[in-house]
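Worksheet: one structure, shown below.
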Amino acid sequence: MPELPGEGVIVLDAELNPVFCDIRTRELLDIDPGACLNPFELPEELRCACIKLMDVAEHSRQTDTSGIELKLSGPDKLLARVRRVSTAIRGLRFIVCLEKEQKPLIRDHKLRM
């Protein structure tokens, strides 16, 4: 299986119910590792992004979003990328890749100047 970008992965079905959620995602979202993932535990920004992708699916070639900032407790920012995927057997799925926002290094900024 190819490696996915980011630090955590969630797969949602067409009704936005989680069908897969890795351990790292549970840690990032502060969800009990042993509990079943409730769709209402997902950040609202993720649900909105998926709904937006559903709405544009028939009218556009847009299949993903990026740089969605999730509002979480604590100082760290978490970014999400959502991709809409249609499968022949399972139907519509949303793959969500999470990653911590990393501030650019000062030297990186100077190199771009």
Side-chain angles (χ1 to χ4, degrees):
M1 173 179 234
E3 250 185 75
L4 295 170
E7 298 181 44
V9 176
I10 306 170
V11 179
L12 306 171
D13 66 15
E15 288 80 37
L16 305 183
N17 295 309
V19 294
F20 174 79
C21 180
D22 67 358
I23 293 292
R24 183 67 180 134
T25 297
R26 289 175 180 271
E27 291 170 0
L28 291 168
L29 297 178
D30 196 27
I31 298 170
D32 181 9
C36 291
L37 185 60
N38 181 334
F40 298 106
E41 291 180 287
L42 296 174
E44 183 65 23
E45 300 88 351
L46 286 182
R47 288 199 301 269
C48 289
C50 293
I51 290 167
K52 182 178 176 182
L53 285 175
M54 276 191 249
D55 290 344
V56 299
E58 296 178 20
H59 310 293
S60 171
R61 298 170 63 94
Q62 180 183 4
T63 60
D64 64 351
T65 63
S66 62
I68 300 166
E69 186 177 319
L70 305 181
K71 295 176 179 79
L72 302 173
S73 60
D76 290 335
K77 291 183 180 179
L78 193 60
L79 299 178
R81 178 179 306 137
V82 181
R83 173 162 282 197
R84 185 191 79 227
V85 178
S86 294
T87 66
I89 297 173
R90 303 275 188 217
L92 186 62
R93 293 284 189 255
F94 296 95
I95 300 172
V96 180
C97 297
L98 303 174
E99 59 187 60
K100 286 187 179 177
E101 181 182 56
Q102 297 182 4
K103 296 181 178 157
L105 298 174
I106 293 173
R107 67 171 184 203
D108 290 342
H109 176 70
K110 286 182 180 180
L111 287 173
R112 289 189 202 117
M113 294 176 80

| field | Non-hydrogen side-chain atoms of Ile51 and Leu16 separated by less than 4.5 Å | value | yes
| Residue Asp32 excluded, over 12 heavy atoms near CG under 6.0 Å | yes
| request: Ignoring hydrogens and angles, tell me if any N or O in the side chain of Asp13 forms a donor-acceptor pair with the backbone of Arg93 under 3.5 Å. | output: no
| query | Got a sec, which residues hit side chain to side chain contact (heavy atoms under 4.5 Å, CB included) with Leu92, two or more places apart in sequence or on another chain? | reply | Ala14, Met54, Arg84, Ser86, Phe94
| message | Using 0.5 Å steps for rounding, measure from the CZ atom of Phe20 to the CD1 atom of Ile95. | response | 10.5 Å
| task | Calculate, to the nearest 0.5 Å, the distance between atoms CG and CG belonging to Leu78 and Leu29 respectively. | result | 6.0 Å
| note | SG of Cys97 to CG of Leu79, rounded to nearest 0.5 Å, is 12.0 Å
| said: For Ala80 versus Val96, what's the shortest heavy-atom pair and its separation? | reply: CB-CG1, 4.2 Å
| message | Rounded at 0.5 Å granularity, tell me how far CD in Glu7 sits from CZ in Arg24. | response | 5.0 Å
| Spacing of CG belonging to Leu42 relative to CZ belonging to Arg47, to within rounding of 0.5 Å | 6.5 Å
| query | Under the side chain to side chain contact (heavy atoms under 4.5 Å, CB included) test, which residues partner Ala49, sequence neighbours left out? | reply | Thr65, Ile68, Val82
| said: Working to the nearest 0.5 angstrom, can you tell me the gap between Cys21 SG and Ile10 CD1? | reply: 5.0 Å
| said: Is any side-chain heavy atom of Leu70 closer than 4.5 Å to one of Leu98? | reply: yes
| Any side-chain heavy atom of Leu28 within less than 4.5 Å of one from Arg26? | no
